[in-house]
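Note that ligands are numbered from 1 as they come in the structure, with each ligand's atoms numbered from 1 the same way. Computed over heavy atoms, backbone and side chain alike; hydrogens, waters and symmetry mates excluded. Because the structure is predicted, anything quoted here is derived from the model rather than measured.
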Amino acid sequence: MASNISGFYKMSQEERLEVLKQNCKISDEELHLLKELKPMDFKTADIMIENVVGVFGLPLGIATNFVVNGKDYLIPMAIEESSVVAAASKAAKIARLSGGFKADANKQHMIGQIQIMVKGKKTNSVIKKIRANKKALLEKANACDKVLVSFGGGAKDLIIRHFEGFIVLHLIVDVRDAMGANAINTMCETIAPEIEKIANCRTGIKIISNLAVYRLAKAKAVFTKHLLEEESGKGIVDEIIKAWKFALADPYRAVTHNKGIMNGIDAIAIATGNDFRALEAGAHGYACIKGNYKPLTKYYKDKNGNLIGEITMPLQFGIVGGSTRVNPMAKLCLNILGVKSAQELAEVAASVGLAQNFAALYALSTKGIQYGHMKLHAKNIAVQAGAKNYEIDAVAEAMISSKSINEASAKEILKKIRRDTL
Ligand code: NAD
């Protein structure tokens, strides 16, 4: 499979679906789901959440050109914001010319937290009893998820942390291909009464931590100097590094810098039925883990002056569990991706996050973010101004050529088009 599909953005829906059919392992039934724009029936939706009255739609786009660890991927992205898919595809196109993204997300360990209400002199004896029973506690945790254990996962370690008035036990669990929240919450709730018994103490709350510091994903890419200079002139590499340094120095900028990364990661998360709130919480928590909020990427030059981009962040993705297999669209998107493990999905997502961030810095350092964004957003503005299907393109194009992309212009143009066609 090759992901550098020329002119994908110009194709009709039929032609794009044909590309998916040729390149991905998706069934005719799944293609039908896409074609008919019917993501889910009522029964499925009603199983997933409470009080269901319908199904909410979001555009599903495919980012092209991605090569991660030598393998081509078509990236399904569910997102309402224009230009995210185009920006990711453009960055991936530049990166693929120097071999694509090298990514690594080898550990899938998550943390479960059990609060233990103990203070003063008794604390040491509680800790001693927990430590003495470590093996039995881990076995008890693993007994509640034989399936996870059969895949080589399960509870692996216990760590004690100290706070004013209580201690916290971290249960470290290898969650393999699951996101892991349900699995870990069950384990924590199962071993808490055991801890109360053996250490004669009271436990407080028990829940997974989304600060997934043992589940880091990394990706790296080279953006070749001559390609960037050819398009945007000399000095562009330095301009991008300066833009990154702004985020490094200033949390007001860093938050927006990381929001751009999450544009890509959330879009994959939603497409694959993953918990994007967990990913968001983990990303922003990790960004300020040392006390100051920092960018999740870094940029520097190699000895030839090429721009190197790197990303490191926690990514708690699953390819089983949650809604990944219940939501038919999520299953289909996982098939489009063709990933075989949560690790592989995290490696792809980290690469998309880096691509998204590079694209944003590149645009900000050259024409500004609104240039590409507003061109794509013009159609939304046309709809907002009341343009009907057959009028949308004409209104958007007229706004772009008059360089006035706003609702007032759209209304003005619409009035003119309607007058002219009378
Ligand atoms: P889950 O319980 O639906 O599925 C995980 C289970 O799948 C594992 O426990 C295991 O028994 C089984 N499994 C089968 N094949 C596996 C494989 N190859 N690798 C690993 N496990 C395999 O889901 P989950 O991943 O435990 O929990 C995810 C869900 O929990 C999400 O829907 C999330 O929204 C929700 N949730 C999140 C939070 C939070 O993030 N704070 C809190 C509560 C619930």
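- Heavy-atom minimum distance, Arg215 versus Ala178: NH2-O, 2.7 Å.
- Judged purely by distance below 3.5 Å, without hydrogens or angles, the side chains of Asn124 and Lys128 never pair a donor atom with an acceptor atom.
- Among residues two or more places apart in sequence or in another chain, the ring pair (Phe, Tyr, Trp, His ring centres under 6.0 Å) test is passed with Phe358 by Phe223, Tyr362.
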Per-pair distances, 0.1 Å, donor-acceptor, side chain in residues 150-161, under 3.5 Å, sequence neighbours excluded:
| from | atom 1 | to | atom 2 | distance (Å) |
| --- | --- | --- | --- | --- |
| Ser150 | OG | Val147 | O | 2.5 |
| Lys156 | NZ | Gly152 | O | 3.4 |
| Asp157 | OD1 | Lys134 | NZ | 2.6 |
| Arg161 | NH1 | His170 | NE2 | 3.4 |

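- Within 4.0 Å of ligand 1, heavy atoms belong to protein residues Asp145, Val147, Leu148, Phe151, Val175, Arg176, Asp177, Ala178, Met179, Gly180, Ala181, Asn182, Ala183, Asn185, Ile208, Asn210, Asp275, Ala278, Val320, Gly321, Gly322.
- The stretch residues 286-300 participates, sequence neighbours left out, in these side-chain hydrogen bond (donor to acceptor under 3.5 Å, both in side chains) pairs: His257-Thr297, Asn258-Tyr293, His284-Tyr293, Thr297-Asn357, Tyr299-Asn357, Tyr300-Glu310.
- Looking only at atom types and distance, the side chain of Glu344 has a donor-acceptor partner in the side chain of Tyr73 under 3.5 Å away.
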